Amino acid sequence: MEPTLKVSIWRGRDDGGFAQYDVPRRDSQTVLDVVTHVQRHLEPTLSYRFACRVGMCGSCAMTVNGKARWTCRTHVSKVVGADGALEIAPLANLPVIKDLATDMSVFFDKWAQAKGRFVGTATRHDAFATVAPASPQRQAANAGIECIGCAVCYSACDLVSWNPDYLGPAALNRAWTLVNDVRDAGNEARIEMVAGDAGCHSCHSHQSCREHCPKSLNPTASIAGLKRATLAAAWKGGA
Amino acid sequence: MKFRARAETLLWGAQRASAAVLGVCVLVHLVTILYAVRGGLSGAEILSRTRGSLGLALFYGAFVVAVAIHAPIGLRAILRENTRWRGASLDLAMAAFGAFLVWFGWRAVGGLFG
């Protein structure tokens, strides 16, 4: 008999519930493969989000057996229990639109709030900026720059669940990479913003973001950098 | 940097700095307990070893100040995370809590070492 997975998938909105499906077990099967099988063969109305399927776009994150993960790069063998059970739910800390698709507006709005937009000063007539790869700022920016915006850290963050206004690990990590971008001219407003009521000082350094980040980034370290930068600015009275 | 962001940042800095002071204070306090209770545990015996010590009085006076800075800032964060209490009333209540800790803490120091 073909081995099967006992899959529970969240259906509906925040007040929905889990529905059960039997999905054939395959070699090298990812959690996204499981969801896709259900949608194509068992439940055509199932809503979920994905794009690249290779861990670049950050759109397929879900809660798998209670833990936020990128589903396209999560093999079933890594997360399935001995009983073959797999529970797939939408990301926590975000409103559910339907089934496994969350509304990520608030997540990306917070990137804008944290002044996560590059503020350049050079024009097309200027030469390319020269940034030494070994400089401390470039190294600090490098450490956080590979974020794919999947919201796994935001979903795993205790602080976001306690204080919905908290900017969250991804937005603060983005702010830190720009604080270290020597070409950027927006740091005064950025430091001001991330030092506010729901900014970097709210972080308790639980490190759930670091633990869950599929790209193995360390937003907690970025937030610690912002704490130091804001303290230096506050001490001097400016940014 | 505007007042609000600056205040939040300096409060965070004050809490980290007071935490560093408290770390040392707790160690010294444990040693002091061992010293104060050696050979007997009655109130009179302990007081006979602590009274008149200016150094210990200054140390515990500073300990109280560190607690009075650290605890209200932490309590403010906990209340903001777990309740809807925000704004000036919360800040004033926490300042009053800090003043309460200083007043009663120094009173206790005066009783032990005065």
Side-chain angles (χ1 to χ4, degrees), chain A residues 92-93 110 113-115 154 156-169 171-172 175-176 179 185-206 208-209 220-239, chain B residues 1-27 29 62-102 105:
Chain A
N93 292 340
K110 286 180 177 177
Q113 256 180 283
K115 308 291 179 192
Y154 189 84
C157 178
D158 294 322
L159 254 295
V160 176
S161 64
W162 296 336
N163 179 4
D165 294 332
Y166 175 51
L167 291 170
L172 291 170
W176 177 239
V179 164
N187 273 340
E188 194 170 331
R190 190 171 297 120
I191 290 287
E192 172 92 35
M193 191 60 221
V194 300
D197 281 357
C200 61
H201 303 300
S202 301
C203 172
H204 289 243
S205 305
H206 289 170
S208 287
C209 49
T220 310
S222 299
I223 294 167
L226 287 175
K227 288 172 177 172
R228 292 192 298 273
T230 52
L231 188 60
W235 194 254
K236 284 187 277 184
Chain B
M1 189 182 263
K2 285 181 189 153
F3 175 77
R4 191 79 205 168
R6 190 160 187 238
E8 289 292 334
T9 304
L10 292 177
L11 280 176
W12 174 82
Q15 203 194 20
R16 303 322 299 157
S18 58
V21 173
L22 285 173
V24 176
C25 288
V26 168
L27 280 177
H29 178 57
F63 195 161
V64 166
V65 172
V67 169
I69 292 171
H70 191 80
I73 300 171
L75 184 60
R76 177 174 174 267
I78 293 168
L79 286 168
R80 295 206 308 181
E81 282 162 11
N82 292 283
T83 71
R84 294 181 177 208
W85 197 5
R86 302 272 191 286
S89 64
L90 173 63
D91 295 344
L92 281 172
M94 292 304 103
F97 177 53
F100 168 86
L101 289 175
V102 168

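We use all heavy atoms of the structure for the numbers below, so side chains are in, but hydrogens, waters and symmetry mates are not. Below, read A as the first sequence line, B as the second, and so on, with proteins coming before strands; counting in each chain starts at 1. In this text the structure is predicted, and so the values were computed from the model without any measurement.
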For this session: Take B:Met1 and A:Ile191, measure what side chain to side chain contact (heavy atoms under 4.5 Å, CB included) needs, and give me the verdict at the end.
Result: CA-CA 8 Å; B:Met1 189 182 263; A:Ile191 290 287; 3.5 Å; yes
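Of the inter-residue distances, the one linking B:Arg6 atom CZ with A:Lys236 atom NZ reads 11.5 Å to the nearest 0.5 angstrom. Note that NE2 of A:His204 is 7.5 Å distant from CD1 of B:Ile78, once rounded to the nearest 0.5 Å. Atom CZ of B:Arg4 sits about 4.5 Å away from atom CG of A:Asp197, to the nearest 0.5 Å.
Interface remark: of the candidates B:Arg86, B:Gln15, B:Glu8, B:Glu8 forms the most heavy-atom pairs closer than 4.5 Å to chain A.
At a 4.5 Å heavy-atom cutoff, A:Ser161 makes no contact with chain B through either its backbone or its side chain.
The minimum heavy-atom distance between B:Leu10 and A:Leu231, with the atom names listed, is CD2-CD1, 4.4 Å.
For A:Glu192 (side chain) and B:Ala5 (main-chain N/O), no donor-acceptor pair under 3.5 Å exists by modelled atom type.
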